[in-house]
Amino acid sequence: MNQVLVKRAALVTICIMIPLYTIHSSKIRFFDQWPKVQEKRKNSIEKVCEKHSPELLYEKVPLFDFDYNWNYITFFPQYNFLYCGVPKAGTTTWIEGTLMKLTNHTERLKFIHTYKVKDEDTLRRIIDGGAVSFVNVRHPFERLISAYLHFRTGREKKEENKSFEQFIVEDILEKLPKGQKTGTYRKINPHWRPYNSFCAFCNIKYDIVSKTETFEEDKQRAMDILGLENKQKGKRLNIHGGSDIKNKTRQFFKDVSEEHLRAIVDFYKYDFLMFDYDSSL
């Protein structure tokens with residue numbers, strides 16, 4: 001008799017738990033905002049591309065930077081993963097912290113060149129082959145300050161004797177291409193070039209558009225989609241970020257003249273528009 005009661009109780013428990021589990025799972029799916037956020041980010045890029053295609057669409061995607069011996073778009077066939085690495089926007093964390101470990105590489109330049117996309121035909125085959133494509137961006141001004149601090153206090157200390165405003169004028173504004181399409185900005189250091197000059201957003205529709213503000217979740221989702229374990233969770237490499245960089249950004253920009261501020265906002269105007277960042281400080 002007791003055994004019968006136990007079996008009945010177990011059956012009742014299972015019958016109750018299955019609907020609860022189903023409801024709980026549907027709630028998880030319903031409240032998962034990440035796909036909606038991704039859709040919003042991609043729609044923003046698409047609208048800017050539609051409106052400004054003469055300035056942003058490349059006849060030929062800039063796959064290799066001969067001036068700096070570097071390629072920014074890489075493809076990993078073993079994972080069918082296409083990655084555009086923007087300098088000072090989480091690239092070191094992705095490349096050295098994850099991708100180099102997955103492919104057993106120890107030398108960054110050799111790694112980058114090993115997985116470079118050789119030409120536009122190859123790029124098209126990769127995209128048509130259903131590769132998962134990923135890019136990470138951050139607020140343009142915070143990225144600029146991060147690069148300035150890196151070059152001012154890093155090993156090379158190239159900008160250590162320049163004020164931030166001098167840096168803006170000499171390293172960006174005076175090197176802007178004159179009378180030509182806003183292309184690759186070859187004379188300007190990659191660490192502060194606009195995003196489209198690396199990743200050709202109007203030529204390539206990225207599956208995952210990550211932001212530094214949501215970096216951990218975006219990276220985890222990418223790893224999940226690729227079926228990979230995120231062993232470097234929470235670990236960030238070579239990056240000025242968080243509230244500290246926000247404060248430093250306001251601090252450095254408060255001494256910039258209105259004229260140069262307007263010019264630098266214009267320099268990054270498509271970064272602000274594409275990724276819905278506010279240019280006011």
Side-chain angles (χ1 to χ4, degrees), residues 34 38 41-42 60-138 143 146-147 150 154-156 184 189-191 193 195-201 203-212 214-241:
W34 189 80
Q38 284 296 306
R41 290 176 184 177
K42 288 183 274 191
K60 188 176 181 181
V61 174
L63 293 171
F64 193 81
D65 188 336
F66 290 97
D67 296 283
Y68 287 86
N69 190 31
W70 204 259
N71 51 284
Y72 305 100
I73 299 176
T74 47
F75 176 64
F76 308 92
Q78 58 270 60
Y79 304 109
N80 201 25
F81 183 55
L82 185 74
Y83 172 65
C84 183
V86 177
K88 303 311 297 175
T91 304
T92 301
T93 302
W94 257 106
I95 291 178
E96 294 185 12
T98 302
L99 298 173
M100 286 176 63
K101 294 182 186 302
L102 287 172
T103 53
N104 297 316
H105 277 76
T106 57
E107 190 180 329
R108 184 165 176 169
L109 184 60
K110 184 178 180 181
F111 166 82
I112 288 290
H113 288 177
T114 298
Y115 293 101
K116 69 181 180 182
V117 178
K118 293 180 174 61
D119 52 50
E120 197 126 10
D121 288 339
T122 303
L123 177 64
R124 183 50 50 198
R125 286 197 297 270
I126 289 168
I127 294 171
D128 291 344
V132 176
S133 51
F134 181 97
V135 63
N136 184 75
V137 299
R138 67 190 298 193
R143 174 175 170 249
S146 179
H150 174 78
R155 284 177 298 177
E156 300 175 63
T184 55
N189 189 298
H191 289 81
R193 288 181 197 164
Y195 294 131
N196 196 61
S197 63
F198 307 107
C199 301
F201 287 97
N203 297 77
I204 302 170
K205 292 186 176 181
Y206 290 88
D207 297 304
I208 302 172
V209 180
S210 172
K211 288 187 176 184
T212 295
T214 56
F215 184 85
E216 283 305 324
E217 180 179 11
D218 296 333
K219 182 184 176 186
Q220 183 61 59
R221 295 297 186 117
M223 299 291 277
D224 289 344
I225 290 168
L226 295 169
L228 298 171
E229 183 182 355
N230 186 6
K231 294 181 180 179
Q232 301 293 317
K233 190 174 182 181
K235 187 174 182 179
R236 306 290 293 277
L237 302 174
N238 193 30
I239 188 168
H240 296 275

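Remember, it's a predicted structure, so these values are computed and weren't measured experimentally.
Atom-to-atom distance recorded for T74:OG1 and L99:CG is 6.5 Å, nearest 0.5 angstrom. Separation of atoms NZ (K60) and CG (L123) is listed at 12.0 Å; rounding is to 0.5 Å. Atom OG1 of T214 is separated from atom CD of Q38 by 7.5 Å, given to the nearest 0.5 angstrom. Rounding to the nearest 0.5 Å gives a distance of 6.5 Å between NZ of K88 and NE2 of H191. If you take CD on E96 and OG1 on T91, they are separated by 10.0 Å, rounding to the nearest 0.5 Å. Atom-to-atom distance recorded for M100:CE and I112:CD1 is 8.5 Å, nearest 0.5 angstrom.
Checking each of I73, D119, V117 against V61 for a side-chain contact (heavy atoms from CB on, under 4.5 Å) leaves exactly one that passes, namely I73. Looking at Y83, W94, F111 one by one, the single match for ring-ring contact (aromatic ring centres under 6.0 Å, His included) with F76 turns out to be F111.
A distance-only check finds no donor-acceptor pair linking the side chain of N71 to the backbone of F64 [under 3.5 Å]. The backbone N or O of N69 lies less than 3.5 Å from a partner atom in the side chain of H113, making a donor-acceptor pair. Put simply, the side chain of R41 never gets that close to the backbone of I208: no donor and acceptor are under 3.5 Å apart. Distance alone, capped at 3.5 Å, is enough to place a donor-acceptor pair between the Y206 side chain and the C199 backbone. Distance alone, capped at 3.5 Å, is enough to place a donor-acceptor pair between the H105 side chain and the T103 backbone. Side chain of R108 to main chain of I95: no donor-acceptor pair is present (N/O by atom type, distance under 3.5 Å, no hydrogens or angles).
Summarising the geometry of F201 relative to N196, their closest heavy-atom pair is N-OD1, 2.8 Å, with the distance given to 0.1 Å. Scanning all heavy atoms of the two residues, the minimum distance from P190 to P87 falls at O-CG, 3.8 Å. D207 approaches V132 most closely through the heavy-atom pair OD2-CA, 3.4 Å. Looking at every heavy atom in both residues, A89 comes nearest to N136 through O-ND2, 2.9 Å. Minimum heavy-atom separation, P62 to S197: CG-O, 3.6 Å. R193 approaches F198 most closely through the heavy-atom pair O-CE1, 3.6 Å.
Ring geometry, F134 versus F81: the interplanar angle falls from 30° to 60°, so the pair is classed tilted.
Taking the side chain as every heavy atom from C-beta outward, I127 and K205 never approach each other to under 4.5 Å. In this structure the side chain of L102 never reaches within 4.5 angstrom of the side chain of Q78, judged on heavy atoms.
Side-chain contact annotation: K219 with T93, donor-acceptor N/O pair under 3.5 Å absent. Side-chain atoms of R221 and S210 include no donor-acceptor pair closer than 3.5 Å.
The existence of a salt bridge linking E120 and R124 is excluded, since no basic side-chain nitrogen approaches an acidic carboxylate oxygen closer than 4.0 Å.
Ring centers of Y72 and Y195: at least 6.0 Å apart, outside the cut-off.
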